[in-house]
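This report refers to the structure that appears directly beneath it.
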Amino acid sequence: MTLHLFNTLTGQMDDLVPADGKALRMYACGPTVYDYGHIGNFRTFLQIDILRRTLKLLGVPVQHVMNITDVDDKIIRNATAAGIPIGQYTERFEKAFLEDLDSLRIQRPEQLARATEHIPRMVELIQKLAENGAAYQAEDGSWYFRLASFPEYGKLSKKDLSGMEDGARVDVDEYEKDSARDFALWKAAKPGETSWDTAIGRGRPGWHIECSAMAMEYLGDSFDLHAGGEDLMFPHHENEIAQSESVTHKPFARHWMHVRFLLVDGRKMSKSEGNFYTLRDLLLKGYKASAIRLALVSVPYRHQLNFTFDGLTEATNAIERLRTFHQRLVAGTFADGESDSLQAAAKKARAEYGSALSNDLNTAEARAPIFDLVRTANTALDQGLLLAGDRVAILAVLASFDSVFDVIEDRDAEPTRRALAWAEESGRLDDVAPELLAAQSLTDEAIDALVAERTLAKKQRNFGRADQIRNELAEKGVVIEDSKDGVRWKRK
RNA sequence: GCACCGGUGGCGAAGUGGCUAACGCGCAGGUCUGCAAAACCUGUACUCGCGGGUUCGAAACCCGCCCGGUGCUCCA
């Protein structure tokens, strides 16, 4: 099976396959590390994670490069305000970002590339552009890309800029450009700002050049896929194409993928609207990392996702259903053999799941056959008709599902613990949901002891005491389930 | 203003010409249970924003309208 993925460049569904027949070479625009990542950032990174995991599911090896933008206007401004070097400023946000990736179970790219570590490569590119007449230096020493030198400009975002007039929007500090739409490749040093002394003068890179430089450094002049948020399509990606292709005269990326923005409560998320959430905000409210992952991943990447707390609750409950079922299979004992109907159901689920994902990463559609299988298997389980061979087949389907969605295996304790530690050391304990603190106050050992006491009380038919213990635990978010195989408990 | 996307049950959401309109959550009733929980069963849109049209046949295609969102500037 091959992945059919919408290609922004061609405007149609194209098969995404490695041009060299080996690994799929992809570049994804990463974060600018000037603050903690918000859920909008993570929706994009999560959808790219779904992409790379789907490729692997389909047997395609991936060579994935992501940049970390660790120098830009905001970083310089904030670091200056804090009175520290930019490296020291970005370090903690980069660390936080990588932790957040772990929390959401987003796989690390094969290569992370920091902008500040690739300055020579960028300078080289700008020099080549200058030789081709595609770049020029302004009086203050800044370098700009000459848009007029690249007639194909606009081919990605389908913009026709030929009729646009110059002078509509000119940044005050960029008045020396030949044409208003020319964009900065290199910004001349201003007094007191971080800068690099290079062959093209003292200064710092413009935003777009870093991606061209690092993509070509690790993936070559031409590569398979370039991905990012929809906002980057114009002008960022358009500029990358112009810069890169003006140097190489080869197609930059063959395939472009853009993830749509998410909305929060029906509005674009913004700090001024008061609907702005970082991952850490949500963890401290008591939502599990897996629920956040599933909620952000369940709406296909080309659709707007309206993020709500109801949606998080829905995801929490859906995961609970999957995990409970998984646990039934893992813990139970089954007679030898296999049943035709369940084997067929497992096979069908796997096929439908794979084909939904291959169809432009339709995650919503991909969930359906898995839940179908859960219901079918639960019914068989209730009737004692599920056999050992069925268990193996169904667990394999769940594993395959989790190789992309990664929500069944419960690793939620760590992100929450990390978020609480962070809240403590950064003085944000007031933001922590009281129920979360209450739940944390109870150790597993304490729960086991109470559960044991309740079981004893039940044996003595002292249901009053048994129910009292159950209620106490429930208040702290611990749910008890009695079953034939014994008592189970879980943190809600 | 120009451009693009969407409007499917209580909520989320799939489906882009033809099987009883997936799936999840929620809700109601039932089975099981000391009671619960979990699980299962049944029900939960005779209908897909509105009005026309095309077609043997449309949620799906065309036209018009209404509503919501996004982009055109830094942004994932």
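So you know, we letter chains A, B, ... as the sequences are listed, proteins then strands, and number each from 1.
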Can A:Phe234 be called stacked on B:G71 when the rule is centres closer than 5.5 Å and an angle between planes below 30°?
-> no

Check whether the side chains of A:Asp310 and A:Thr313 place a donor and an acceptor atom closer than 3.5 Å, and report yes or no.
-> no

Pick out which of A:Arg293, A:Arg280, A:Arg105 makes a salt bridge (Lys or Arg N to Asp or Glu O under 4.0 Å) with A:Asp100.
-> A:Arg280

Using a cut-off of 4.0 Å on non-hydrogen atoms, how would the nucleic acid contact of A:Asp372 be classed: base, sugar-phosphate, or nothing?
-> sugar-phosphate

Check whether the side chain of A:Asp310 and the base of B:G26 form a donor-acceptor pair under 3.5 Å.
-> no

Would you please indicate yes or no on a ring centroid separation below 6.0 angstrom for A:Phe309 and A:Tyr287?
-> yes

Is any side-chain N or O of A:His258 closer than 4.0 Å to OP1 or OP2 of B:G71?
-> no

Identify all stems in which RNA chain B takes part, counting only runs of at least 3 consecutive pairs (Watson-Crick or G-U wobble, each distance under 3.5 Å), and give each as one range with another, ordered by first number.
-> B:1-7 with B:66-72, B:10-12 with B:23-25, B:26-31 with B:39-44, B:49-53 with B:61-65

What nucleic acid atoms does A:Arg321 come within less than 4.0 Å of, heavy atoms only: base, sugar-phosphate, or nothing?
-> sugar-phosphate

If you check every side-chain atom of A:Glu314, which of B:C75, B:G24, B:U70 has the closest atom?
-> B:G24

Rounded interatomic separation in angstrom, taking CG from A:Asn239 and P from B:C75 | 10 Å

Within a radius of less than 6.0 Å around NZ of A:Lys95, do more than 12 heavy atoms belonging to other residues, nucleotides or ligands occur?
-> no

Return the nearest nucleotide to the side chain of A:Asp231; candidates are B:U70, B:C75, B:A14.
-> B:C75

Base, sugar-phosphate, or nothing for A:Asn362, non-hydrogen atoms under 4.0 angstrom?
-> sugar-phosphate

Tell me whether the centres of the aromatic rings in A:Tyr36 and A:Tyr277 are closer together than 6.0 Å.
-> no

Please evaluate the base of B:C75 for a donor-acceptor partner in the side chain of A:Lys74 within a cut-off of under 3.5 Å?
-> no

Nearest-Å distance once atom P is located in both B:A21 and B:G34 | 42 Å

Where the side chain of A:Asn317 is defined as all heavy atoms beyond and including C-beta, which of B:U70, B:C25, B:C35 is the nearest nucleotide?
-> B:C25

Determine the interatomic distance between P on B:U44 and the same-named atom on B:G53; round to the nearest Å.
-> 32 Å

RNA chain B: 5'-proximal contact among A:Ser483 and A:Pro31 (nearest heavy atom) = A:Ser483

